[in-house]
Protein chains: 2
Amino acid sequence: MKHARGQQRKTRQRQVILEELRRVVSHPTANEVHHMVTRRLPRVSLGTVYRNLESMSRSGVILKLETAGTRRRYDGTPTPHYHARCTGCGCVADLRMEPLEDLERRAQGATGFSIMGHRLEYIGVCARCAGKKRTQREE
Amino acid sequence: MKHARGQQRKTRQRQVILEELRRVVSHPTANEVHHMVTRRLPRVSLGTVYRNLESMSRSGVILKLETAGTRRRYDGTPTPHYHARCTGCGCVADLRMEPLEDLERRAQGATGFSIMGHRLEYIGVCARCAGKKRTQREE
DNA sequence: ATAAGTGCAAAAAGTTTGCAAAACG
DNA sequence: CGTTTTGCAAACTTTTTGCACTTAT
């Protein structure tokens, strides 16, 4: 093949997107990242944010969380870990917990698939929502 | 309160939607359900399919699978079970495997959440895709 | 210089909703 | 009959894409 793959250039936009994403513990949506980045680069377009989040998750620099619901969230920490999603506000938190290797072994034979990985997502109520009488859903 | 909650009526549409969903082992998207139902009720609208899938999943008759990706899939079997998703064609299969109760216990304390449930999704390649040289993604 | 990346706006894709007509109980 | 549900279409939300211009290498 001639041009195996295009080079990845280091642009201000990509850099700021990554910095902002790493700066927070939450797992923002593309739109939220766009807002965060806008404070430093007022003219970035949402399309650019999407393109960079996509390319960075492709190269493994960040994680594209495909959790429940329609909209995607992104995680600046690419090491494997689990998430907990709040039924109240829809926020997603990291779990300080070792990935469980035995899970995949336990699933072998339960289907015709060759299992290559797994995604474990806990459902619950975050501390902030637990303190409210009535939680309002943002998602 | 006056009228606590409206009654749920048994319409031909809802009935056929449920029958068609239960007839298949796959986990169709709303659009796929619409196609299936159309063969028996040519005039059902996609909106009606969405509304019924939503109300039935709300009442627990079916399951709204919020697996990875943007579009949702539905499951006619409401008993808790795990799923495996194929990276090749995007299909979702049920796992013949007991839900693991210990998982939630193992997550307690790893976050500020009060855990109420979990969703475990295996990632892999289905038998059909494993047999192909190049898998084409439908998702 | 040249290919990759950007901003903008329009298009896709998926889901929800307003409304008048139809159907259920 | 009074409500719920439907069909239709329009609106909405999230993500992707075409294109001319800019920028990194």
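Here is the naming used below: chain letters follow the sequence lines, and residue numbers restart at 1 for every chain.
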Query raised in the report: Counting only N and O atoms by type, is there a donor-acceptor contact under 3.5 Å from the side chain of A:His34 to the main-chain atoms of A:Val44?
Result: yes
Requested in this report: Considering just the side-chain nitrogens and oxygens of A:Thr11, establish if one lies under 4.0 Å of OP1 or OP2 belonging to C:dA4.
Outcome: no
Query - N or O in side chain of A:Gln13 less than 4.0 angstrom from C:dG7 OP1/OP2 - result: yes
Query raised in the report: Has A:Asn31 got a side-chain N or O lying under 4.0 Å from the OP1 or OP2 atom of D:dT15?
Result: no
Query raised in the report: Between atom CG in A:Leu41 and atom P in C:dG7, what is the gap in whole Å?
Result: 8 Å
Query raised in the report: Within this structure, what is the NE2-to-C1' distance between B:His34 and C:dG14, rounded to whole angstrom?
Result: 14 Å
Query - OP1 or OP2 of D:dG7 under 4.0 Å from side-chain N/O of B:Thr48 - result: yes
Query - Side-chain N or O of A:Arg72 closer than 4.0 Å to phosphate OP1/OP2 of D:dT16 - result: yes
**Report entry** Side-chain N or O of A:Gln8 closer than 4.0 Å to phosphate OP1/OP2 of D:dA24
**Finding:** no
Query raised in the report: In whole angstrom, what separates B:Lys10's NZ from C:dA22's P?
Result: 23 Å
Query raised in the report: Expressed in angstrom and rounded to an integer, what is the separation of A:Gln15 atom CD from C:dA4 atom P?
Result: 20 Å
Report task. State which of C:dG25, C:dA3, D:dT15 makes the closest approach to the side chain of A:Arg9. Result -> C:dA3
Query raised in the report: Any ion pair linking A:Glu54 and A:Arg58 (charged N to carboxylate O, less than 4.0 Å)?
Result: yes
Query raised in the report: Reckon A:Arg12 touches a base, only the sugar-phosphate, or nothing at all at heavy-atom distances under 4.0 Å?
Result: nothing
Query raised in the report: Going by the angle between their ring planes, with limits at 30° and 60°, are A:His118 and A:Tyr82 parallel, tilted or perpendicular?
Result: tilted
Requested in this report: Quick one: label B:Glu54 by what it contacts on the DNA or RNA (base, sugar-phosphate, nothing), any heavy atom closer than 4.0 Å.
Outcome: nothing
Report task. Mind calculating the distance between CG (A:Leu53) and P (D:dT14) to the nearest angstrom? Result -> 15 Å
Requested in this report: Check the pair A:Phe113 / B:His83 against ring pair (Phe, Tyr, Trp, His ring centres under 6.0 Å), numbers first and verdict last.
Outcome: CA-CA 11 Å; A:Phe113 278 54; B:His83 293 105; over 10 Å; no
Report task. Using whole Å, report how far CZ of A:Arg58 lies from C1' of D:dT15. Result -> 13 Å
Report summary line: 5'-most contact on DNA chain D (nearest-nucleotide basis), B:Gly47 vs A:Arg51, goes to B:Gly47
Query raised in the report: Has B:Thr29 got a side-chain N or O lying under 4.0 Å from the OP1 or OP2 atom of C:dG14?
Result: no
**Report entry** Below 4.0 Å: OP1/OP2 of D:dT16 and any side-chain N or O of A:Tyr50
**Finding:** no
Query raised in the report: Within the structure shown, what part of the strands sits under 4.0 Å from B:Arg43 by heavy-atom distance: base, sugar-phosphate, or nothing?
Result: sugar-phosphate
**Report entry** Sidechain-backbone polar pair: A:Ser59 side chain, A:Ser55 backbone, donor-acceptor under 3.5 Å
**Finding:** yes
Query raised in the report: Separation of A:Arg40 atom CZ from C:dT6 atom C1', in whole Å?
Result: 18 Å
**Report entry** N or O in side chain of A:Arg14 less than 4.0 angstrom from C:dG5 OP1/OP2
**Finding:** yes
Report task. Calculate the interatomic distance between A:Met56 atom CE and C:dG5 atom P; express it in whole Å. Result -> 12 Å
Query raised in the report: Do the side chain of B:Tyr74 and the main chain of B:Val33 share a donor and acceptor less than 3.5 angstrom apart?
Result: no
